[in-house]
Student: 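The structure that follows is given in the form of structure tokens.
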Amino acid sequence: MTLSPSDKALVPFVSVDNMMKLVHHIGVEPMLRGLADYIEADFRRWELFDKTPRIASHSAEGVIELMPTSDGEVYGFKYVNGHPKNTREGLQTVTAFGLLANVGNGYPVLLSEMTVLTALRTAATSAMVAKYLAPRDADTMAMIGNGAQSEFQSLAMKAICGLKSVRLYDIDPAATEKAARNLTGMGLDVVACRSAEDSMEGAQIITTCTADKQYATILTDNMVGAGVHINAIGGDCPGKTELAPGVLHRSTIFVEYPEQTRIEGEIQQLAPDHPVTEMWQVINGTARGRTSPEEITLFDSVGFAIEDFSALRYVRDHIAGTDLYMDLDLLADPDDPRDLFGMLLRAGG
């Protein structure tokens with residue numbers, strides 16, 4: 001006997017295929033701008049959210065994390081992994097999925113892939129922050145690390161900050177060739193560079209996005225001149241960094257959530273009381289961003305659950321009235337809420 005699920009049993013599910021269709025339906029750059037708007041709006045109401053460092057399970061190969069938050073009305077979480085070795089096995093370094101639920105009754109209201117969505121929200125967050133911190137009229141970015149995130153970062157900076165040129169570098173020339181090929185015809189001047197130093201020539205924004213789970217020095221102190229904005233997004237777990245400590249000591253540092261960034265970000269290399277500024281305070285006007293043309297600003301970004309919450313909100317709003325999701329039979333819904341076993345018996349005929 002087959003029992004048809006009731007409406008209460010069904011949860012909208014956005015698959016990878018439908019997420020890609022949604023991106024093309026909206027347009028890559030309009031979606032990046034829209035995600036940035038949602039993230040910025042949630043940063044403005046930052047104090048309403050539950051906040052906790054993500055719950056991480058570390059191994060020698062990588063990390064698996066849960067990232068929960070709630071604004072009191074809607075609860076959200078993301079499952080995400082980070083395994084740098086995966087690319088050698090033909091697997092993604094990062095995979096993810098996420099969920100929104102109604103706080104009032106605990107019922108899920110959206111389940112979604114978040115591998116593609118995380119790439120989009122990470123880039124949208126970077127560009128939203130650069131809008132506040134980058135030098136005025138910045139139009140050239142060094143993109144160091146040309147893996148899965150590099151094209152998203154470049155297009156977000158173009159869509160939100162007016163970027164005109166991106167200078168690509170990766171220790172693997174094939175990664176740079178891939179990124180340059182994918183960005184062809186996207187309205188950016190794309191330059192493939194032979195070294196990290198070369199990539200920074202004329203760049204007012206420097207984005208580092210490398211994957212090795214180790215203390216690394218992608219930017220040495222002598223590579224960074226005055227007046228740039230550094231967008232450091234590769235370091236995102238204990239023992240994984242990209243910047244020399246000297247760069248940090250010369251920079252004004254901005255973070256998402258200090259309690260998490262001090263564990264996982266570049267600032268894990270500094271004293272626990274080293275001063276940082278939370279970006280939500282810059283956005284709502286209670287803290288200052290860039291204060292001079294010569295200042296080095298650093299966004300020590302590790303990703304935070306509120307950004308994922310914003311991205312899931314955006315998706316939920318924009319799939320409404322479309323066929324870009326499927327109803328997933330996820331929740332048991334017996335005729336009598338107390339008779340779950342009876343429903344199971346009836347299903348067997």
Student: Would you call the rings of His318 and Tyr314 parallel, tilted or perpendicular, taking 30° and 60° as the class edges?
Tutor: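 Plane angle under 30°, so parallel.
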
Student: Where the side chain of Gln260 meets the backbone of Arg54, is there a donor-acceptor pair that is under 3.5 Å apart?
Tutor: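 Here the side-chain-to-backbone pair exists.
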
Student: Would you check if Asp50 and Tyr75 make a side-chain contact, meaning some heavy-atom pair closer than 4.5 Å?
Tutor: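 Contact flag for Asp50/Tyr75 side chains = no.
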
Student: Is the shortest heavy-atom distance from the side chain of Thr207 to the side chain of Ser126 under 4.5 Å?
Tutor: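 Not touching, per the 4.5 Å side-chain cut-off.
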
Student: Would you mind reporting whether Met200 and Val228 have side-chain heavy atoms less than 4.5 Å apart?
Tutor: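 Sidechains of Met200 and Val228: no contact.
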
Student: Roughly how far, to the nearest 0.5 Å, is OG of Ser165 from CE of Met157?
Tutor: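 Going from CE on Met157 over to OG on Ser165, the span is 13.5 Å.
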
Student: Is the centre of the Trp280 ring less than 6.0 Å from the centre of the Phe49 ring?
Tutor: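 Not under 6.0 Å, so no.
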
Student: Can you tell if the side chain of Phe13 reaches within under 4.5 Å of the side chain of Phe97, non-hydrogen atoms only?
Tutor: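 Not in contact.
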
Student: Answer yes or no: is there an ion pair linking Arg313 with Asp42, defined by an N-O contact shorter than 4.0 Å?
Tutor: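 Yes, this pair counts.
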
Student: Decide yes or no on side-chain contact (heavy atoms from CB on, under 4.5 Å) for Val315 and Ile319, but give the supporting numbers first.
Tutor: CA-CA 6 Å; Val315 169; Ile319 62 171; 4.0 Å; yes

Student: Going by the rule salt bridge (charged side-chain N to carboxylate O under 4.0 Å, His left out), which residues pair with Asp327 if we only count those two or more places apart in sequence or in a different chain?
Tutor: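 Scan of Asp327 (salt bridge (charged side-chain N to carboxylate O under 4.0 Å, His left out), adjacent residues dropped) gives none.
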
Student: Should we say atom CG of Asp137 is surrounded by more than 12 heavy atoms from elsewhere, each under 6.0 Å from it?
Tutor: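 No, CG of Asp137 has 12 or fewer neighbouring heavy atoms, counting only those of other groups under 6.0 Å.
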
Student: Going through the checks in order, is the side-chain hydrogen bond (donor to acceptor under 3.5 Å, both in side chains) test met by Ser15 and Asp17?
Tutor: CA-CA 5 Å; Ser15 65; Asp17 181 53; 5.0 Å; no

Student: How about NE2 on His24, more than 12 heavy atoms from neighbouring residues, nucleotides or ligands closer than 6.0 Å, or not?
Tutor: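 No, the 6.0 Å shell around NE2 holds no more than 12 heavy atoms from other groups.
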
Student: May I ask you to decide whether Glu65 forms a salt bridge with Lys78, counting only side-chain N to carboxylate O separations under 4.0 Å?
Tutor: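 Between Lys78 and Glu65 there is no salt bridge, as every charged N stays at least 4.0 Å from the carboxylate O atoms.
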
Student: Return yes when atom CG of Asn222 has more than 12 non-hydrogen atoms of other residues, nucleotides or ligands closer than 6.0 Å, and no otherwise.
Tutor: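 More than 12 heavy atoms, drawn from other residues, nucleotides or ligands, come within 6.0 Å of this atom.
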
Student: If you measure from CG on Leu219 to CD on Glu266, what distance do you get to the nearest 0.5 Å?
Tutor: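 Reported to 0.5 Å precision, the distance equals 8.5 Å.
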
Student: I'd like to know if the side chain of Glu113 reaches the main chain of Leu117, judged simply by a donor and an acceptor atom lying under 3.5 Å from each other, with no hydrogens or angles considered.
Tutor: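 Yes; judged by distance alone, with no hydrogens or angles, the pair exists.
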
Student: Could you check whether Asp172 pairs with Lys178 (Lys NZ or Arg NE/NH1/NH2 to Asp/Glu carboxylate O, under 4.0 Å)?
Tutor: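 Salt bridge flag = no for Lys178 with Asp172.
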
Student: If you compare all heavy atoms of Ala124 against all heavy atoms of Leu35, which two are closest, and at what distance to 0.1 Å?
Tutor: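 Looks like CB-CB, 3.9 Å.
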
Student: Going through the distances and angles, do Thr208 and Asn231 end up as a side-chain contact (heavy atoms from CB on, under 4.5 Å)?
Tutor: CA-CA 6 Å; Thr208 58; Asn231 179 39; over 6 Å; no

Student: Can you name the nearest heavy-atom pair linking Ala36 to Ile160, along with the distance?
Tutor: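 Result for this residue pair: CB-CD1, 3.6 Å.
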
Student: Quick check: do Lys21 and Asn18 have side-chain heavy atoms less than 4.5 Å from each other?
Tutor: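 When only atoms from C-beta onward are counted, Asn18 and Lys21 do touch, with a gap below 4.5 Å.
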
Student: For salt bridge (Lys or Arg N to Asp or Glu O under 4.0 Å), just list the numbers for Lys51 and Glu259, CA-CA rounded to whole Å, side-chain angles, deciding distance to a tenth of an Å, and then say yes or no.
Tutor: CA-CA 9 Å; Lys51 291 173 286 290; Glu259 287 85 344; over 6 Å; no

Student: Got a second to check how far Thr125's OG1 is from Ile39's CD1, nearest 0.5 Å?
Tutor: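 Result: 3.5 Å between the selected atoms.
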
Student: Between Ala123 and Phe152, which heavy-atom pair has the shortest distance, and what is it?
Tutor: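 Ala123 and Phe152 have their closest heavy atoms at CB-O, 3.2 Å.
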
Student: Would you mind reporting whether Thr115 and Val16 have side-chain heavy atoms less than 4.5 Å apart?
Tutor: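 No, side chains not in contact.
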
Student: Can you give me the closest heavy-atom contact between Ala179 and Ser150, atom names plus distance?
Tutor: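 Heavy-atom minimum between the residues: CB-OG, 3.7 Å.
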
Student: Enter the distance from Asp7:CG to Asp333:CG here, rounded to the nearest 0.5 Å.
Tutor: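 Rounded to the nearest 0.5 Å, the CG-CG separation comes to 9.0 Å.
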
Student: Under the salt bridge (Lys or Arg N to Asp or Glu O under 4.0 Å) rule, what do Asp308 and Arg121 come out as? Steps first, then yes or no, please.
Tutor: CA-CA 7 Å; Asp308 300 308; Arg121 79 86 164 128; 2.7 Å; yes

Student: Can I get a per-line list of side-chain donor-acceptor pairs under 3.5 Å for residues 25-34, giving both atom names and the distance, sequence neighbours left out?
Tutor:
| residue | atom | partner | partner atom | Å |
| --- | --- | --- | --- | --- |
| Glu29 | OE1 | Lys158 | NZ | 3.2 |
| Glu29 | OE2 | Lys158 | NZ | 2.9 |

Student: So Leu298 and Val247, do their side chains get closer than 4.5 Å, heavy atoms only?
Tutor: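 Side chain of Val247 against side chain of Leu298, heavy atoms only: no contact under 4.5 Å found.
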
Student: Of the non-hydrogen atoms in Gln92 and Asn86, which two are nearest, and what is the gap between them?
Tutor: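 Closest approach of Gln92 to Asn86: O-ND2, 2.8 Å.
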
Student: Go through it in stages, so that I can follow the logic: the residues are Glu40 and Arg44, the test is salt bridge (Lys or Arg N to Asp or Glu O under 4.0 Å), and I'd like the CA-CA distance, side-chain angles, deciding distance and then a yes or no.
Tutor: CA-CA 6 Å; Glu40 186 170 357; Arg44 291 185 186 279; 3.1 Å; yes

Student: With no hydrogens and no angle check, do the side chains of Thr261 and Asp300 hold a donor and an acceptor under 3.5 Å apart?
Tutor: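 Side-chain D/A pair, Thr261 to Asp300: absent.
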
Student: Compare every heavy atom of Leu110 with every heavy atom of Val11, then report the nearest pair and how far apart it is.
Tutor: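 For Val11 versus Leu110, the nearest heavy atoms are CG1-N, 3.9 Å.
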
Student: Tell me whether the count of non-hydrogen atoms from other residues, nucleotides or ligands lying under 6.0 Å of CD in Glu89 goes above 12.
Tutor: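 Count over threshold, so yes.
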
Student: Just checking, is any N or O donor in the side chain of Thr176 or Asp170 under 3.5 Å from an acceptor N or O on the other one?
Tutor: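 No, Asp170 and Thr176 have no side-chain donor paired with an acceptor closer than 3.5 Å.
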
Student: Within a radius of less than 6.0 Å around NZ of Lys164, do more than 12 heavy atoms belonging to other residues, nucleotides or ligands occur?
Tutor: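 Result for NZ/Lys164: open.
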
Student: With sequence neighbours left out, what residues match Asp198 under side chain to side chain donor-acceptor pair (under 3.5 Å)?
Tutor: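 Asp198 satisfies side chain to side chain donor-acceptor pair (under 3.5 Å) with Arg167 only.
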
Student: Is Arg290 salt-bridged to Glu295, cutoff N-O under 4.0 Å?
Tutor: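 No.
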
